[in-house]
Amino acid sequence: VSRPKPGEWEEGNSNNGNKWTTLEHKGPLFPPEYEPLPNNVSFFYNGNPVKLTLPAEEVATFYAKMLDHEYTTKSSFQENFFTDWREEMSVEEREQIKKLSKCDFTHINKYFLDKSEEKKAMTKEQKQVLKEENNKLTEEYGFCELDGHREKIGNFRVEPPGLFRGRGEHPKMGKLKKRIQPEEITINCSKGSNIPVAPKGHRWRKVQHDNTVTWLASWVENVQGNFKYVMLNPSSKLKGEKDWQKYEVARKLKLKVETIRRLYREDWKNREMKTRQRGVALYFIDKLALRAGNEKEESETADTVGCCSLRVEHITLHQEKGGQEFMVEFDFLGKDSIRYYNEVPVEGRVFKNLKLFMENKEPEDDLFDRINTTYLNKHLNQSMPGLTAKVFRTFNASTTLQEQLNKLTTGYLEEKLLSYNRANRAVAILCNHQRAAPKTFEKSMQNLQDKVAQKQQQLDVARKELKDAKKEHKRGGTERTRKLVEKKEAVVKRLEEQLKKLQLQMTDREENKVIALGTSKLNYLDPRISVAWCRKFNVPIEKIYNKTQRDKFAWAIDMTEEDFQF
DNA sequence: CCACCCACTTAGAAGTAGTGAG
DNA sequence: CTCACTACTTCTAAGTGGGTGG
């Protein structure tokens, strides 16, 4: 399939706001109907088995499946679940079941555990059959036709019902996420196309033909009232083009950033408080890659903040700390309730301004009380069309990667990769990308450690053997002893190499404990930087991007620009 | 302005498949 | 061949930011 190259995208259909001309798809795929529990599996209340009505039973299974999850130990999860569960009960059930503490889901839990064991224990052939069935569904529902191209859909399945799992201290955790009916779903496709057929006995909420948006189907989720969309996979032209544009905006910022920095530094001395706050907020966003920090609905969501929504309690000023002047200590929960902790030396003027912003305020007051993200973005847009707060993250992340990669040395492939990963981790640290340490982390480190020890031992033995061989050769040098020395030398060399590689691998793993090298960084790093680096240092692209990533970045991997610089 | 609506990107966790050592 | 572990994929929550209308 021939596609326009990124350079040609600009002139393409981006001007008029239309996202496509034709769009045809099969509609989203619904999760299977609820399968009632067999009669020998019981829910117990107050020690007695209780046969639940189907709707109540289904919700009970959601909880039962999560019994060994930390969520179920949290009181707000329990309370939210119980309240919503009771809504699904019959009058009689509601009368009978009044306390979660008297509910016993362990039998149901065991039933599902056994079931998953059974599934694991299936024969190869049975598993193959299941896989085939799944492939068939993906083949049928997982693709659409957009402007004559067959494109992969990102999420073609309707989200199944379950219990809401918020991140952090989410006030709505445990609430029932209801089953979505076709009657709630809006379909978006082109006028003349084959309209998706709703499941038997059902109809869609609405079928529309709006080509100014990119989604194929949408519905409103009941827990928070948010919109949910079925959209294309990142490998699609539509998403790829958008991604490319994002990096082009970031590159444009690179040309302007010095001017913008000069301007916000000027703002620090402005007589208006609002302007000063704007200047300091931008400084944080630029220097620390903080997120913009939109306001969010209190008590509806976890208490997290970004730059503009920082509160006085989130920073501590130190005139002097650790031998450095004007230190600001940040401690707050950001997106996904990931903790941001940082001690940063700032310029005297910034420090003075922060003091001013905090004067006569309570800890829970906004630090930047005169500004918000809309105001900030409007201001940024005046400096450069298309510039918003989030562009700084893309710009700073990509710039950091480029700088790190520019100072690389050569060596073994493993050494190059370690350096590459380190450059990536520098970005992850900048963006505060973290993850919970994997449960098996310590163990896997130990395994590597053991491997290293084993290799070291082999090496010791080999060295000893080499020494002996050399001795023997010295005593009476023959062709045979010379060959032996050569052979032993080769063995030692090979083992040394293997040991070194193992150690490199171990270092990499260790450094990867909490600093995520997952998918997050991919959102900020212009793939052309990495592709150019691979070419320059003769590293196969598969070593740094897996299949999914290569699909996503096909537009960059195909690029002809040999010596791309961000 | 502000509140709300909507569409889209970004994010870590969870789930699954593949792989390599024993 | 099996099983444990890892690497990859999927899932969906949680952000950003534009628009609109009062």
Side-chain angles (χ1 to χ4, degrees), chain A residues 17 19 31 66 69-71 116 119-121 124 127 130-131 134 138 142 154-160 162 164-168 170 172-173 177 186 188 210 212-215 218 220-221 223-234 238-239 242-243 246 291-297 300-302 304-309 333-338 372-378 380-381 386-391 393-394 397 428 431-436 438-441 443-444 447-448 450-451 454 509 512 514 516-524 545-552:
Chain A
K19 307 292 168 57
M66 289 179 74
H69 199 290
E70 204 202 331
Y71 271 121
S116 86
K119 201 177 165 195
K120 255 190 234 161
K124 239 185 198 163
K127 281 182 183 166
L130 235 56
K131 201 176 160 189
N134 195 39
T138 306
N155 56 324
F156 58 89
R157 287 169 202 273
V158 174
E159 293 175 17
F164 177 76
R165 296 147 100 110
R167 307 270 170 87
H170 196 117
K172 298 200 171 184
M173 65 167 80
K177 213 176 105 165
T186 302
N188 194 40
D210 181 357
T212 67
V213 294
T214 65
W215 51 267
S218 75
V220 174
E221 149 274 333
V223 175
Q224 318 214 65
N226 289 332
F227 285 83
K228 296 278 188 173
Y229 301 94
V230 170
M231 287 187 187
L232 295 187
N233 188 274
L238 202 67
K239 294 283 189 190
K242 201 74 191 302
D243 211 35
K246 175 181 74 185
R291 294 189 183 82
N294 286 319
E295 298 102 301
K296 31 191 263 175
E297 252 175 302
E300 299 285 305
T301 52
T304 63
V305 297
C307 184
C308 289
S309 47
L333 297 182
K335 182 178 181 181
D336 293 325
S337 293
I338 297 289
N372 59 37
T373 55
T374 308
Y375 169 71
L376 213 60
N377 284 334
K378 279 202 177 117
L380 286 173
N381 201 254
L387 184 60
T388 62
K390 81 194 269 280
V391 178
R393 262 169 93 81
T394 313
C431 293
N432 200 40
H433 286 145
Q434 296 182 39
R435 62 165 183 190
K439 288 196 174 66
T440 54
F441 185 83
K443 193 162 182 209
S444 93
N447 286 348
L448 271 176
D450 292 348
K451 264 195 210 167
Q454 196 189 351
R509 179 79 55 90
N512 217 18
V514 292
L517 278 189
T519 46
S520 324
K521 64 163 208 241
L522 291 175
N523 298 316
Y524 293 111
Y545 287 149
N546 66 32
K547 174 84 172 58
T548 313
Q549 296 166 344
R550 291 201 299 279
D551 280 352
K552 171 169 178 179

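Convention: sequence-line order gives letters A, B, ...; per-chain numbering from 1. Only heavy atoms go into these numbers, but all of them, side chains included; no hydrogens, no water, no symmetry mates.
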A side-chain contact here means heavy atoms from C-beta on lying under 4.5 Å apart; do A:Arg393 and A:Asn523 qualify?
no

Could you please name the option among B:dC8, B:dT9, B:dT10 that lies closest to any side-chain atom of A:Thr214?
B:dC8

Answer yes or no: is there a donor N or O on one side and an acceptor on the other, between the side chain of A:Asn188 and the main chain of A:Asp210, under 3.5 Å?
yes

Rounded off to whole Å, could you give me the CG-to-P distance for the A:Asn155 and B:dA11 pair?
18 Å

Heavy atoms only, 4.0 Å cut-off, all strands: where does A:Pro234 land among base, sugar-phosphate and nothing?
nothing

Summarise how protein sits on nucleotides 13-20 of chain C as a single string, 5' to 3': B when a protein heavy atom is under 4.0 Å from the base, S for sugar-phosphate-only contact, - for no contact.
SBSBBS--

Comparing A:Lys246 with A:Tyr229, nearest DNA chain B nucleotide closer to 5' gives the residue A:Tyr229

NZ of A:Lys547: more than 12 outside heavy atoms within 6.0 angstrom?
no

When rounded to whole Å, the CE to C1' distance for the pair A:Met231 and B:dT9 reads 9 Å

Give the rounded distance in Å between these two atoms: NZ of A:Lys547 and C1' of C:dT10.
15 Å

Rounded to whole angstroms, how far apart are NZ on A:Lys19 and C1' on B:dC6?
11 Å

Separation of B:dA7 P from A:Leu238 CG (nearest whole Å)
14 Å

Between A:Asn372 (side chain only) and A:Thr374 (backbone N and O only), is there a donor and an acceptor less than 3.5 Å apart?
yes

From CG of A:Asn233 across to P of C:dC11 the rounded distance in Å is 12 Å

Any donor-acceptor pair under 3.5 Å from A:Lys296 side chain to A:Ser309 backbone:
no

Toward the 5' end of DNA chain B, which comes first, A:Glu297 or A:Asn134, by nearest nucleotide?
A:Glu297

Would you find a donor on one side and an acceptor on the other, under 3.5 Å apart, between the side chain of A:Lys172 and the backbone of A:Phe164?
no

Rounded to the nearest angstrom, tell me the gap between atom NZ in A:Lys120 and atom P in B:dG15.
12 Å

Heavy atoms from C-beta onward define the side chain here; which of B:dA11, B:dC6, B:dA14 lies closest to that of A:His69?
B:dA14

Is the A:Tyr229 ring parallel, tilted or perpendicular to the A:Trp215 ring (thresholds 30°, 60°)?
tilted

How many whole angstroms separate atom CE of A:Met173 from atom C1' of C:dT12?
16 Å

Kindly say if A:His433 contacts the phosphate of B:dT10, meaning a side-chain N or O under 4.0 Å from OP1 or OP2.
no

A:Lys131 vs B:dG18: side-chain N/O to OP1/OP2 distance below 4.0 Å:
yes

